[in-house]
Structure formats: structure tokens, C-alpha cells
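Below is one structure, written out as C-alpha cells; the observations come after it.
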Amino acid sequence: MFPINVYVQLCGLLNCISVPFSEHILLEYVDSHQEEYVQTLRDWVAVESDSSDVLKRPDCHRMMDMTAEKLRAMGGKVELVDIGVQELPNGQTVDLPKVVTAQFGSDPSKQTVCVYGHVDVQPAKLEDGWATDPYNLTDIDGNLYGRGASDNKAPVLAWIHTVEAYQDLPVNVKFIIEGMEETGSNGLDAMIMAQRDSFLSDVDYILISDCGWLSRRPALTYGTRGNCYFFAEVEGPKQDLHSGVYGGTVIEPMTDLIGILDTLISPSGKILIPGIREAVAPLSDEEWKMYQDIEFDIESYKSKIGVSQLMYNNKVDLLAHRWRYPTVTVHGIEGAFSAPGTKTVIPAKVIAKFSIRQVPNMDPAVVKKQVTDYLNSVFAKRKSPNKLKVTMVIGAKPWLADTKHPLYEAGKAAVKRVFNVEPDLIREGGTIPIAKTFEDVTGKSIIMLPIGGFDDGLHSQNEKMSRYNYIEGTKLFIAYLHEVAHLKKN
Ligand SMILES: CC(C)C[C@H](NC(=O)CN)C(=O)O
């Protein structure tokens, strides 16, 4: 593969850079299979594999079967690993989607990479404000709209197509594809630990493509924030009450709940929970300089998300608070009246959902105690007869890599080869719950190689993946495996 003596000039295809001849064949293969790749993405997006809704669990199981089937049809050694059950708040249990593992090649003289990804998605409904049916992949001006298109179905498929395109893989490739990432990767930690000395024993590097670029410039990602996700439940009367009949006589659960939520973070973004800010690793001069050197336009960021004002007005503060400082977000309140119309009710029980994106050197177990103790003390001051219960339902750790690792040099070379630019080195404000576990359990290094666009609308209305990123991203993965093959084997 990739003989170094035969070169062709590929204008348009590779931004007019010289590339080796057989690479040209591979990349042409990708271009000529473009429609097939889009159709497979359409088939995958059509499956409503929303892991947060237990009623959609059959779709999640079907999604895992489809993934396994695709990998099996390519000749992979595939397994569907049972990772047990999920306990629901009402005490019932439901089967977790099985995890797909696959192996292509076992040549001991080659490097072995393990690609991790997920095929579950966040919830989406047309009435949330989507312009098109979220489960019918729709191509508008070269953008492929659909739930899960960018997060994470197209990147997973791009890796699969990469393996499919190579007739002779330059490295051994393993896959771990799960179906619970969007709810915190339930059951995956235990599976990774159990497979440390078997499936994972010969893995040299872990590759993850579950994030996006910062701008139109391709990027390599070296850090993710963690996520501690909480439920705060306030329970009062035994059933909902008429606010005219009972209002003014009962201490309302919603008033208590809003009151304590308002003590989590100040309007200017300062986290008010004692101990949280003190744990954060200080910003080093080197980091400051890295952020300073990144091209990032605050005005276009504002216009992209449709706001007139941000928390910070300078690039370094903005990037730092997006990537490497914690934040609190209140996501919603279960039990609250939220339908259109004017129901005059006092909800009897309300459950707030909020999460803290945490960063080095915060620890989810410590955060759990800090938040629980704080909310209990704030609630106690209200002298309310209602009952407060705080639970942490996700405790995903942050992850940070060394950008001097050869994996990143390989990433830079692959980006240069396909896009003819230097990539941005960026962090990600979101969370890949399993990343830190992978690293801790295997002792192997991870690179995050995003192909998603900066404006893909992840978790939001009108999520999309551009054809350009999907197809050129596949070429990037092809080039990346070639680069990894040339790293010194440990
Ligand atoms: C723990 C979260 C639900 C994980 C989620 N991850 C991603 O979106 C990555 N694709 C997140 O909200 O960050």
C-alpha cells in the first residue's frame, strides 16, 4: 500500500496536493461509493435508537444488530457482548443494548488500533422544531439532516467504510461500538475491564471520532470535559392540586425546587457550590498561548447560535470556559406543566435534571458529595415540609491527552495529506464518558479525530452532517491508518 515512488496530481480531490498513486485509487474508491455511504447512513438514521427512552429500547437493540451485521458482512470477527441490565427508577430492569466488538486482521507485526463509537442518539421529535423528519435523512444543499447523523452514526460509518475500502489493511483494526453513550455509557466500564486481558490485550492505540471541529479548519481533539448528571426531586402533597383552591395554603414543591436551583450558579456563570472552583487545574501559560493562537471568530460564534451577548468577550476566556472550566446547566424539570395552554396546577412532585461539566482535577465522587451536601443545606434553610432527594445518575470523568504523543503527529500528517492544512489542536466541552476508563484500564493512548462540522447542531434541532465532512472524513481515516502504520511499535 502507498508506494512512495508513483505520484499523481489530484486537483479538486485533494486540494491539488501530490499524493501516492495507490492512495489515489483508495480515495477515488471513496468518491465513487459516496451514494452508497449516504444510503447506509440513511438506513441507520431511520432507526430511532434513543437510549434515554426505555420505550425505544427495541430500536436500540435493532441498531446494534444492524451494526454487527454490517461488520460481519465485511468479514470481521464480530461479537455482540451482553452487558447486563439497566435498573430503572421504579425498580424494574431492562436489557442494555449489547456492545458490538469486531476485529479485522491479527498480524502481530502490525499496529492494532481500536475504534470506539456509539450508535445511540439523543431524543428528537419533529415538533421540537425540526425542519424535516429527524429520522428521515434529508439532503439539503449538501447537508445530511437527521438525528444522530453527526453524533455519532456518520463517523462510525466512516471508520467502517475505511476498513471496507482497504483491501490490505496497514494496521489491525478492532471496533467497540456501544448503544448507551448518550446516557453515560451504562455497563461499558465493566465490559472494558472484563475485556482488558482478552479483546483489548493487543490494542496499541484507541481512536475516537465522537466530536466536531471548532471552525471550518479540521482539528485534532486532546481533551473532553466530564459530566456529573443529577436529579433533584422535591415531593410535597400526595397529588397535584388546583392552584386556586389550594394556592396560598401549601408550600409548593416547584417553588422550593426553583429556589434551590437558583443557588447553583450566579448570573455571571460563577459556580456557587463550595469546593468546585477550587479543584480546577489552573490555566498554564502554554495553554493560554495555545488558545491565543487558535483562529476563532467570536462574532460568527454569536451569530451561529443566535445570541447577542456571551459570558466572555475575549477569545481565550471564551475557549477556556467552553473547554477547561466547569459549568452547571439546568436541563429540565420532570413533572412540571410544560404543554402549550394554561393548566392551573400545583405539581405535587417535580424532578430537576441538571449537570455539571467537570474538568481536571475534579472527581465525580467528590462532586456528588459537594452537590448533595450543598443542596441539602440550602433546602434546610427554607424550613420546608417537602422532601428533597438528590441523586447523581451519571458520573463521567474528563479526559486529557498529551498533544506531543506520536498519535497527534500522525493526525497532523493525515490532515495535511487530505486537507492540505495544519489542524487546530482543540478540546471539547462535551463528554465521552468511556474515554478516561479506556486509558486507565488499558494504559494505552487515545486520539480523538473529529470529522463533524462546527455547526452540526448536536443534540439540537436540525442536526446534520455535511456530505463534504462525511466523505473527506472517510479519506482522513484512510490516511490516518496509513500514518499509524508507520509509528514505532511498542
Ligand atoms: C454523558 C453525556 C450524556 C455524554 C454526551 N456525549 C456526547 O454528546 C458525545 N457525542 C454529552 O452530552 O456530552
Side-chain angles (χ1 to χ4, degrees), residues 44-45 49-53 56 60 63 86 96-97 115-124 134 146-159 176-189 206-214 219 221-231 322-332 353-359 362 364 367-368 371 391-400 426-438 446-461 463-465 469 473:
W44 280 30
V45 164
S49 48
D50 171 0
S51 53
S52 68
D53 181 352
K56 297 278 156 33
C60 293
M63 195 61 240
Q86 178 184 6
L96 286 164
V115 174
Y116 159 80
H118 67 92
V119 288
D120 61 314
V121 300
Q122 287 273 319
R147 173 54 90 224
S150 181
D151 184 6
N152 178 231
K153 289 179 175 177
V156 167
L157 279 171
W159 275 115
I176 294 185
I177 310 294
E178 67 152 321
M180 287 299 285
E181 194 271 350
E182 297 291 7
T183 54
S185 294
N186 319 44
L188 191 62
D189 286 85
I206 292 149
L207 318 181
I208 302 180
S209 301
D210 186 14
C211 36
W213 299 349
L214 179 66
T221 306
Y222 66 94
T224 51
R225 290 196 285 192
N227 188 289
C228 288
Y229 201 112
F230 290 90
F231 287 2
R322 183 169 156 169
W323 293 341
R324 57 101 59 229
Y325 286 119
T327 189
V328 175
T329 301
V330 179
H331 304 288
K353 318 277 173 93
F354 67 92
S355 74
I356 301 185
R357 295 285 172 178
Q358 14 88 235
V359 298
M362 293 165 70
V367 172
K368 178 180 174 183
V371 170
T391 29
M392 187 172 89
V393 293
I394 298 176
K397 291 180 180 165
W399 162 84
L400 195 58
I426 63 170
R427 282 167 77 159
E428 170 70 51
T431 307
I432 313 291
I434 204 63
K436 186 79 171 87
T437 304
F438 261 131
I446 300 177
I447 184 170
M448 295 200 187
L449 206 58
I451 59 168
F454 71 97
D455 56 354
D456 279 358
L458 313 177
H459 295 202
S460 175
Q461 294 92 344
E463 177 181 348
K464 59 97 178 145
M465 178 84 186
N469 280 52

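Everything quoted here is computed from the prediction, not taken from an experiment. Just so you know, ligand 1 is whichever comes first in the structure, and atom 1 is the first atom listed for that ligand.
From the protein, the heavy atom lying nearest to atom 3 (C) of ligand 1 is Glu182 O, 3.3 Å. For atom 8 (O) of ligand 1, the closest non-hydrogen atom on the protein side is His459 NE2, 2.8 Å. The nearest protein atom to atom 1 (C) of ligand 1, hydrogens excluded, is given as Pro433 CG, 3.9 Å; this is a heavy-atom distance.
Between Arg427 and Leu400 the shortest side-chain heavy-atom distance falls below 4.5 Å. In this structure, the side chains of Trp399 and Ile208 stay at 4.5 Å or more apart for every pair of heavy atoms. Thr431 places a side-chain heavy atom less than 4.5 Å from the side chain of Arg357.
Between the side chain of Ser49 and the main chain of Val119, a donor-acceptor pair closer than 3.5 Å is present. With hydrogens and angles disregarded, a donor-acceptor distance shorter than 3.5 Å links the side chain of Arg147 to the backbone of Pro123.
Looking at Asp151 next to ligand 1, an N or O pair under 3.5 Å apart turns up. For ligand 1, one of its N or O atoms has an N or O atom of Asp210 under 3.5 Å away. At a 3.5 angstrom cut-off on N or O pairs, Glu181 counts as close to ligand 1.
Each of Thr183, Leu188, Asn186 was checked for a side chain to side chain contact (heavy atoms under 4.5 Å, CB included) with Leu96, and the lone residue meeting it is Asn186.
Under the 6.0 Å distance and 45° angle rule, Lys353 counts as a cation-pi partner of Phe231.
Interface atoms of ligand 1 facing Arg357, defined by a heavy-atom separation under 4.0 Å, are 11 (C), 12 (O), 13 (O). Close contacts of ligand 1 with Gly430, meaning ligand atoms under 4.0 Å from a residue heavy atom, involve 13 (O).
Proximity of Thr431 to ligand 1, defined as any heavy-atom pair under 4.0 Å, is shared by backbone and side chain alike. The side chain of His118, and not its backbone, has at least one atom closer than 4.0 Å to an atom of ligand 1 (non-hydrogen atoms only; side chain from C-beta on).
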